Structure formats: structure tokens, C-alpha cells
Amino acid sequence: MKKRIFALVDCNNFYVSCERLFNPKLAHRPVVVLSNNDGCIIARSNEAKALGINMGTPYFKAKNFLHRHRVKVFSSNYPLYGDLSRRVMTTLQQLEPEMEIYSIDEAFLRLPPDSGMNLNILGRQIRTTLKQHTGIPVSIGLGSTKTLAKIANRFAKKFPEYNGLLDLTAVDPDPFLNRCEINDVWGIGRGHAERLRARGVHTALDLTRRDDGWIRKQLTVTGLRTAMELRGISCISLEKEGKKKSISSSKSFGYQVETLNELREALATYITQAAVKLRLQQSTTGCLQVYLTTNRFSKTQTLYATRETINLAEPTANTGTLIKHGLERLQKIYRPGLRYQKCGVVLTNLVPAKSRQLNLFFKPDKRQSELMAAVDRINTRWGRHTIQHAAAGFTKPWQHRQEKKSPAYTTQWQDLPMVKASWPDSLLPDTFR
DNA sequence: TCTGGGGTCCTAGGACCC
DNA sequence: TCTGGGGTCCTAGGACCC
């Protein structure tokens with residue numbers, strides 16, 4: 001069997017790199033990007049990391065520190081990051097069609113094993129092309145399994161001597177596994193890492209040397225797969241199929257919401273968003289879950305968190321139908337007198353729109369799907385809130401504001417960056433003189 | 001005052017069936 | 001006195017990921 005080679009291409013400090021792309025003054029300055037609601041720090045430039053700012057720190061706790069160190073702070077600007085991610089992925093796919101988009105800023109590639117091409121040169125080409133075409137810097141790790149490619153990528157990113165690229169298929173990986181802390185292994189989270197350390201497993205290499213039965217007992221089959229992957233036996237394949245198996249939409253409120261009316265508007269809004277994503281991947285949903293929760297950090301109010309699952313008689317992607325079912329159930333779980341922090345929706349049991357199982361008594365209404373298609377077309381063309389169900393509300397005061405958001409440089413005409421150029425007369429073509 | 005959002009996969013345990 | 005056992009399906013919850 002031919003040796004497999006996986007590459008993990010990961011954008012460096014992706015959200016920060018996106019902000020810097022249109023704001024070159026940010027280069028070499030510490031920069032952080034906040035989560036939705038300006039809640040937590042979710043991206044940091046190298047300079048911010050060097051200041052000791054941790055991933056996931058609540059913004060309100062770090063605010064003074066950031067100000068003191070003149071750290072530039074941004075709310076997250078998902079239209080911008082999403083658009084730049086699409087550009088990166090499109091460019092990458094042109095270079096290497098065997099690709100899996102793993103997250104907004106990461107992709108796995110499967111490289112042809114016998115291409116005769118020097119992998120180092122190929123990797124450098126990918127980095128250079130991405131930088132030229134999109135302006136986004138990336139790091140690349142190569143390994144005989146996805147888990148090893150992940151580890152290679154960590155080293156490539158962290159240590160400047162690798163210059164953004166490490167190929168673990170060309171060397172003995174053991175010394176690297178020995179330098180890799182167990183909690184830095186892909187698939188080993190905090191809980192498992194603690195458990196393993198208590199039993200003498202401190203590095204990735206330690207894990208590879210344990211007995212299969214023991215690993216399975218401690219970490220279940222997922223952990224065993226990870227261990228096999230670290231030993232160079234590929235167990236996790238490239239997933240090219242991009243369709244989601246579940247779709248969710250939720251957001252924390254801008255303030256503590258108490259009335260059923262506000263909750264209804266918010267839930268209808270999230271159902272609308274989820275339904276758009278559903279139709280975008282040409283699926284229908286057979287199951288709708290709605291949930292509702294009070295503030296989980298509150299010290300004065302007991303936590304109320306509940307959800308309702310609705311199995312639909314026949315799968316649908318119709319926003320109106322989904323809103324109707326969702327609001328009915330919301331009524332059931334609403335408790336007056338509580339202050340709610342968040343609600344949301346999860347769509348599961350997704351089936352392709354073309355092959356859904358119809359109910360014996362169900363007459364497919366072609367006009368309904370045509371209506372949805374028309375609404376989607378209009379909202380794509382004119383902006384996503386141009387047409388909506390009245391149930392989703394109009395002013396939406398419960399929505400959260402994002403106070404430090406950069407412009408939508410690439411997705412809004414009015415936000416396009418302006419380039420000012422001045423040329424000495426001698427360089428201008430005759431027609432401009 | 002202020003702590004994100006969107007995913008995947010696995011397992012235990014209950015319901016149900018024969 | 002004394003009431004089975006094994007299989008399958010579903011779901012909630014947990015762990016992990018970015």
C-alpha cells in the first residue's frame with residue numbers, strides 16, 4: 001500500500017490577519033479579536049500572545065490590561081472573515097483538489113504519494129501562492145496521518161526556525177512526539193489530558209507506548225484512534241463531502257430578556273438563519289430542537305436551561321413551518337419572571353431535499369419551495385433582512401451590539417477600501433497628463 | 001454591569017420488542 | 001416466596017474541536 005501524506009494548512013492568527021490586511025498600521029502591534037457580544041478574546045496576534053493574553057479570556061476582565069498595553073481590540077467581523085476564508089479555500093483547491101475544509105481557517109490536503117515532487121518545494125509554493133493571492137499567511141504541517149500533520153503544523157507555526165513548514169514524513173517523528181505535551185495532541189482535551197497525566201502519560205510519545213486495551217478503557221475508541229494515528233497508522237480519512245449533519249443558530253442577548261414576546265422574535269430570527277443555511281446546502285430537516293437558558297454565570301439566579309425536541313412528520317426547509325413549530329414549543333418552556341440570557345435552535349436529521357421521505361398523507365406544495373427560493377434570491381441580492389417573517393421582529397432591541405467592529409471591506413459597496421495613489425508626473429502615461 | 005457560536009462523535013441508559 | 005434475557009433503537013449528555 002502506498003504511503004499516505006496529509007498536509008494541514010492553517011492560517012496564522014486568522015482573524016487578526018484579516019483585520020491587518022485592510023489596516024497595515026496594525027502590523028507589529030498587539031491586536032486581539034473578540035467573540036460575539038464582545039464576550040471573550042478569541043484571536044491574538046503574536047505580539048498579544050507575547051504579552052501573556054490567553055485564549056478565551058473574558059473581555060471585561062482583560063479590558064484594563066489591554067488598554068494599558070495599547071492593544072488594538074476588534075469585535076468579530078464574520079462577513080469579512082468568511083469572505084477571506086472563501087478566497088483562501090478556493091485558491092488552495094486550485095492548487096490541490098484533494099481537500100477537506102476543516103474550519104474557517106484550516107484545511108487538510110491529501111498529497112499524491114508518488115508525484116516525485118519534493119514536498120518541501122510543494123509546501124513552499126502553496127504558502128507563497130496563498131500569500132500572493134489572498135494576503136493571508138499560513139503554516140503547513142505534513143504527516144502520514146491527520147493527527148501527525150496537526151503536530152507538524154504546531155511546530156511549524158510556533159518555532160521560527162521552520163519558517164512555516166514542517167514535514168514529519170521526511171524525519172523520525174518520535175523526537176517531535178516527545179516534545180509535544182499530551183494536551184496539545186488533536187483530540188485530547190483538558191479532561192482527558194488530566195486523566196492521562198495522573199497515570200504517567202505526559203507527552204504524545206508516552207501515549208503511543210501504552211497498550212491498546214488500556215488506552216481504549218481510558219479514552220474510548222476515539223482516543224485509541226488518536227494513538228494509532230500518532231503511531232503513523234491512518235484512521236481518520238479526508239472528508240470531502242461538505243454537507244453539515246446538523247445546523248444551529250443562537251446568540252446571547254444584549255441584555256437580560258424577560259418577556260415572551262422578545263424571546264419569540266429572537267427564536268424566529270435564529271430559525272430563519274438556520275433555515276437559510278439548510279437550504280443553502282440543499283437539505284431539509286426532520287427534527288427541530290429549541291432551547292432557552294438563563295445566565296449560567298449568575299450568582300443570584302438559579303440556572304434554568306431547557307430544551308424541546310420536535311420531530312417533524314415530514315422533513316422540511318420551509319422557514320414558516322419551522323417558526324410555527326418552534327414558537328409553539330417555546331410557549332411550553334417559557335417561565336415568566338426569569339431573566340433569560342440566550343435562546344437558540346438546532347436542526348438535526350438532515351436529509352437531502354431531493355431524496356426526502358414523504359408522508360403518505362403529505363401533498364408536496366411546490367409553491368412553498370418556490371417562495372423560499374425567491375426569498376433567498378431577494379435577500380442574497382439586496383441584503384439578508386430585506387424580506388423576512390414578521391414573527392422575527394423589526395427593531396430587534398434584544399440583539400447585541402458590537403462596538404469595535406471593522407468595516408465589511410469586501411462584502412459591502414459602501415465599505416470598500418479607498419486606495420489613494422500619487423505618481424510623479426514623469427511616470428504618468430501621456431493620456432493622463 | 002460585562003463570560004461566544006457552531007460543529008462532530010461516542011456512550012450509557014431507557015424504551016421497546018420478541 | 002420465587003416473574004428472563006438479549007437485541008435494537010433513540011436520546012441526552014459529555015468530550016472534544018475551531
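Computed from heavy atoms alone, side chains included, the values below leave out hydrogens, waters and symmetry copies. What you see is a predicted model; the values in this text were computed from it and never measured. Lettering follows sequence order; numbering is per chain, from 1.
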Measure from NZ or CZ of [X] to the centre of the six-membered ring of [Y] and say whether it is under 6.0 Å with the direction within 45° of the ring axis.
X	Y	result
A:Lys404	A:Phe74	no
A:Arg20	A:Tyr409	no
A:Lys157	A:Phe155	no

How is [X] classified with respect to the nucleic acid when contacts are heavy atoms under 4.0 Å: base, sugar-phosphate, or nothing?
X	answer
A:Val33	nothing
A:Ile104	nothing
A:Arg195	nothing
A:Asp38	nothing
A:Val221	sugar-phosphate

Counting only side-chain nitrogens and oxygens, does [X] get under 4.0 Å of the OP1 or OP2 atom of [N]?
X	N	value
A:Asn311	C:dT11	yes
A:Arg225	B:dC10	yes
A:Arg296	B:dG4	yes
A:Lys342	B:dT3	no
A:Lys245	B:dC9	yes

Using modelled atom types only, decide if a donor and an acceptor are shared between the side chain of [X] and the backbone of [Y] within a distance under 3.5 Å.
X	Y	value
A:Thr269	A:Ala392	yes
A:Arg199	A:Arg195	yes
A:Asn349	A:Gly286	no
A:Gln399	A:Gly254	no
A:Thr284	A:Pro315	no

d([atom1], [X]; [atom2], [N]) in whole Å:
X	N	atom1	atom2	answer
A:Leu34	B:dG4	CG	C1'	10 Å
A:Leu219	C:dC16	CG	P	9 Å
A:Lys405	B:dG4	NZ	P	18 Å
A:Lys217	B:dC10	NZ	C1'	18 Å
A:Arg216	B:dT11	CZ	C1'	11 Å
A:Phe108	B:dT8	CZ	P	15 Å
A:Gln301	B:dC2	CD	P	11 Å
A:Ile188	B:dC9	CD1	C1'	14 Å

Heavy atoms from C-beta onward define the side chain here; which of [options] lies closest to that of [X]?
X	options	answer
A:Tyr102	C:dC18, B:dT3, B:dC9	C:dC18
A:Ser246	C:dG13, B:dG7, B:dC10	B:dG7
A:His192	B:dC9, C:dA15, B:dT8	C:dA15
A:Lys244	B:dG7, B:dG5, C:dC17	B:dG7
A:Lys150	B:dG4, B:dG6, C:dC17	C:dC17

Self-check item: Residues within residues 54-89 of chain A bordering DNA chain C, heavy-atom distance below 4.0 Å
Solution: none
Quiz item: Out of A:Asn77, A:Thr411, A:Thr410, which residue meets the side-chain hydrogen bond (donor to acceptor under 3.5 Å, both in side chains) rule with A:Asp83?
Solution: A:Thr410
Practice problem: Indicate, with yes or no, if the rings of A:Trp186 and A:Phe6 have centres closer together than 6.0 Å. | Solution: no
Quiz item: Between A:Tyr334 and A:Tyr304, is the ring centre distance below 6.0 Å?
Solution: no
Quiz item: What parts of residues 247-270 of chain A reach DNA chain B, counting only heavy atoms under 4.0 Å away?
Solution: A:Ile247, A:Ser248, A:Ser249, A:Ser250, A:Lys251, A:Ser252
Self-check item: Exercise: do A:Gln125 and A:Thr128 side chains pair donor with acceptor under 3.5 Å
Solution: no
Quiz item: Any luck finding a side-chain donor-acceptor pair between A:Arg279 and A:Thr319 under 3.5 Å?
Solution: yes
Quiz item: If you pin A:Thr220 and A:Gly39 to their nearest nucleotides in DNA chain B, which one's is more 5'?
Solution: A:Gly39
Practice problem: Could you check A:Asn295 against A:Tyr291 and say which one's nearest nucleotide on DNA chain B is further toward the 5' end? | Solution: A:Asn295
Practice problem: Report the secondary structure of DNA chain C in dot-bracket form, marking unpaired bases with a dot and bases paired to a different strand with |, and treating Watson-Crick or G-U pairs with both distances under 3.5 Å as paired. | Solution: ....||||||||||||||
Practice problem: Identify the residue among A:Leu166, A:Ile5, A:Leu148 that makes a side chain to side chain contact (heavy atoms under 4.5 Å, CB included) with A:Leu142. | Solution: A:Ile5
